[in-house]
Amino acid sequence: MDRRRQRSSGCGWGRRNSLESRLGFAPYTDGERRLGWLLSFSSSSWEDEDTGKIYSCVDLYFVSQDGSTFKVKYKFRPYFYAATKDKMELEVEAYLRRRYEGEISDVEIIEKEDLDLKNHLSGLKRKYLKLQFDTVQQLMRVKNDLLHVVEKNEEERDAAEAFETIHGVKRTERTQDYINCIIDLREYDVPYHVRFAIDNDVRSGLWYDVSVSGSDVLIQRREDLLQRAEVHVCAFDIETTKLPLKFPDAEYDSVMMISYMIDGQGYLIINRECVGEDIEDLEYTPKPEFEGYFRVKNVPTELDLLKAWFAHMQEVKPGIYVTYNGDFFDWPFLEKRAAHHGIKMSEEIGFQCDNNQGECRAKFSCHLDCFAWVKRDSYLPQGSQGLKAVTKAKLGYNPLEVNPEDMVRFAMEQPQAFKARIICPNKHQADLEKFYNNRLLESETYIGGHVECLETGVFRSDLPTKFQLDPSAYEQLIGNLDRDLQYAIAVEGKLDVDSVINYDEVKDAIKEKLVSLRDNPIREERPLIYHLDVAAMYPNIILTNRLQPPSIVTDVDCTACDFNRPGKNCLRKLEWVWRGETYMAKKKYILQIIDYYHIKRQIESELIQSGGTTSSKPFLDLSKPEHLLKLKDRLKKYCQKAHKRVVDKPITEVREAGICMRENSFYVDTVRSFRDRRYEYKGLNKTWKGKLAEAKASGNSIKIQEAQDMVVLYDSLQLAHKCILNSFYGYVMRKGARWYSMEMAGVVTYTGAKIIQNARLLVEKIGRPLELDTDGIWCVLPGSFPENFTFKTK
DNA sequence: ATTGTTACCTAC
DNA sequence: AGAGGTAGGTAACAAT
């Protein structure tokens, strides 16, 4: 809800403020403490009336308990960090203050835990300069300037190092300028409003006590209030005209009708230019729980329709707008049609389409495009993401749909790390010029999930199936029976083993079946079809092995560490499988002329055409990533010609990763808390399912509705946590991840592959595995395998 | 006729 | 600017 970036303020100021006031967000500048539910926030600016100076701030949009709304401007200085050469902090600070006089408002020297620092486990901290600014624009200017400086300094250090390697002596250093002492920038790319939210621990959708005195704003979280504020929610959908077999085009098509529902009351505005006659109020109640009474308004033209809708929105002031694919269709269409009639939608209701982002947003109101949710979190297959299929799957009714071709005729859309005081690494950048066996790597990755198809055919629980069982495996099951039953009771059932009164009875019944299977291993009978799966496999692998990107260490890290002593047990070595594909061309040929470097030198002397055919510029003027892109293009052509093939067959290689067991565990701690919270939500979901059953039995419709809502809420929360939980694994290989590690991802999947293959070894002996995929096995077990038993307790 | 590449979609 | 990952199937098409 708060995903928006800085918007340059400037000219639209007064107009926007009056619009905000008109839509209920009058600034709250003084007076009694207020209670507010934070609807949204975005970056903004304010002007000091005495000095005329502009400062960046965050506008916070609140909803009161009575439904009224207000806004406060929270002053917060944007900042980022800079690292200097050792012990040069003070000099560099003074230098920066001079160099950026009037741009930097303040510099502080602070200590942060830097996991990249060698031997940081000994307690070593790194000093950073915290550069603070009055405005985001100033931050951006200084950041861009310093990024170039850091890049240049790095190149010079590399060159000096190379000189030392070749000549064996240090190059006589030029007199050091303080500017050369700046070696790294950190956290400069954290968006301003995100920085504000992290640092002040503020989130949308929570209640706060808000007090304003003078220019200070104090906001305090009210953890006792859980229910959300009464925000008006407007769900809307437009119908438009269209040409036969064409998609509606806002250039010439028009809005035929707009239907919307505000807090359960339906409305429909009809454009009589397209609809043959006046439409009367109507009811659309597809299911009793989705009651819909629609008030219909018939207006003569499209302009009247738009005016009527905007006026209604200004009156109701919805805090949340809901659409299905509105980012792509409804909002842009409305905006264009309004513009066609000389109306700016942004000035009416604050919403503006950002074609770059493909999103439509307002500063003080949220837009939920349900299609985005359906695409990512609905678990519906791609072919069932249309509104009709989604309605059926998620809401449980079949909407009546009019063929679009008929429509017009018929009538005419973690902050844990911050608390750990750890300096964030910069975003990972792929090394584009990496070699393997003297060949340029086209791509490299790791072996992921393990899949095996073991049997084909039709397996049904009513088709007799042949089994050749392994008696020793059944003997093993019999031997472990006590252990396994006690685990089921104590760990899984959370019950006291002594409280079970029929333990021996159950045990004997199971044993009898197992013995019979052991003694008659070759048999034909109806099967039990099972999908056995490892619960939350990847997160649990991460947890049991304390896997996290900063824990992946090499000998170099260990050598520098104080804990590196003989007999140490803080290093765990785990295997993974690397896979890479290289271009066919060799880095260097000893006897032949054409090779990678040859092509590189060749292309470096050329002019590259850019944009049109007329303009061209020297290759060396392009950026580094562009260089490699062009170079790879050329290499492809060369390989195709010379080797009849661009890339060689993939190469795999078992590698070993060192995992430090002492590293600050902030990442695995976060995974654990997400896993445990998911268990909590799963438990609450189960509890409420029980309450729902009770309510249904009692027939109390209010209690049924309440329980139904809570079941949906906790199921949504557990599913959301599942999605996030899996992302802790996926994140480490994501482009631009701050905590990136191919080794870690590889270790996770390889460890998982071993687990599932081990499980298969057992299944092969007690039944027949059919298919194996990553964390689960489809199998058939003999029908006489002991299946359901009930322990009775005191 | 065979092989390689890309697009698309699903399972996990 | 921001974008979870790999495994593996089919279809269509281009290149050899």
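Below, chain A is the first sequence line, B the second, and so on; all start at residue 1.
The phosphate of C:dT6 (OP1 or OP2) has no side-chain N or O of A:R579 nearer than 4.0 angstrom. Note on A:R734: a side-chain N or O is less than 4.0 Å away from OP1 or OP2 of C:dA3.
With a heavy-atom cut-off of 4.0 Å to chain A, the contacted part of DNA chain B has its first and last nucleotide at B:dG4 to B:dC12.
Where A:V647 and A:H531 meet DNA chain B, the nucleotide closest to each residue was compared, and A:V647 sits on the side nearer the 5' end. Mapping A:G448 and A:S727 onto DNA chain C by nearest heavy atom places A:S727 closer to the 5' end of the strand.
Side-chain proximity of A:V451 to C:dT6, C:dG8, C:dG2: nearest is C:dG8. Which of C:dA7, C:dG4, C:dG2 sits closest to the side chain of A:Y729 comes down to C:dG4. The side chain of A:T445 has C:dT6 as its nearest neighbour among C:dG2, C:dT6, C:dA3.
With rounding to the nearest 0.5 angstrom, the CZ atom of A:R677 is 4.0 Å from the NE2 atom of A:H721.
Between A:M537 atom CE and C:dA7 atom P the separation is 13 Å, expressed in whole Å. For the pair A:D775 CG and C:dT6 C1', the computed distance is 13 Å after rounding to whole Å. As a whole-Å value, the separation of A:M744 CE from C:dT6 C1' is 15 Å. To the nearest angstrom, C1' of C:dG5 lies 7 Å from CE of A:M733. Summarising the geometry, the separation between CD on A:E581 and C1' on C:dT6 is reported as 13 Å, rounded to the nearest angstrom. The separation between A:I756 atom CD1 and C:dA7 atom C1' is 15 Å, rounded to whole Å. For the pair A:M742 CE and C:dG4 C1', the computed distance is 15 Å after rounding to whole Å. To the nearest angstrom, P of C:dG4 lies 14 Å from CZ of A:R738.
Helix-axis bend for the helix from B:dA1-C:dT16 to B:dC12-C:dG5: the local axis fitted to the five terminal pairs at one end deviates from that at the other end by 20°, rounded to 10°.
A distance of 6.0 Å or more separates the ring centres of A:F728 and A:Y538. When ring centroids are compared, A:Y321 and A:W331 come within the 6.0 Å threshold. Aromatic rings of A:F328 and A:F371 (six-membered ring for Trp) have centroids beyond the 6.0 Å cut-off, not under it.
Residue contacts for A:K427: at a heavy-atom cut-off of 4.0 Å it reaches the sugar-phosphate backbone alone, with no base atom in range. A:G736 comes within 4.0 angstrom of nothing in the nucleic acid, heavy atoms only. If you check every strand for non-hydrogen atoms under 4.0 Å, A:Y446 touches sugar and phosphate atoms only.
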Exercise for review: Apply side-chain contact (heavy atoms from CB on, under 4.5 Å) to A:D145 and A:Y100, showing your working.
Suggested key: CA-CA 10 Å; A:D145 198 45; A:Y100 300 111; 2.5 Å; yes
Review point. Can A:R195 and A:Y79 be said to form a side chain to side chain donor-acceptor pair (under 3.5 Å), step by step?
Key: CA-CA 9 Å; A:R195 181 87 269 174; A:Y79 68 89; 3.1 Å; yes
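Counted within 6.0 Å of CD on A:Q429, heavy atoms from surrounding residues, nucleotides or ligands total 12 or fewer; the atom is thus considered open. More than 12 heavy-atom neighbours from other residues, nucleotides or ligands sit within 6.0 angstrom of NZ on A:K388. Within a 6.0 Å sphere centred on NZ of A:K735, heavy atoms belonging to other residues, nucleotides or ligands number 12 at most.
Salt-bridge annotation for A:R738 and A:D189: present, with a side-chain N of the basic residue lying under 4.0 Å from a carboxylate O of the acidic one.
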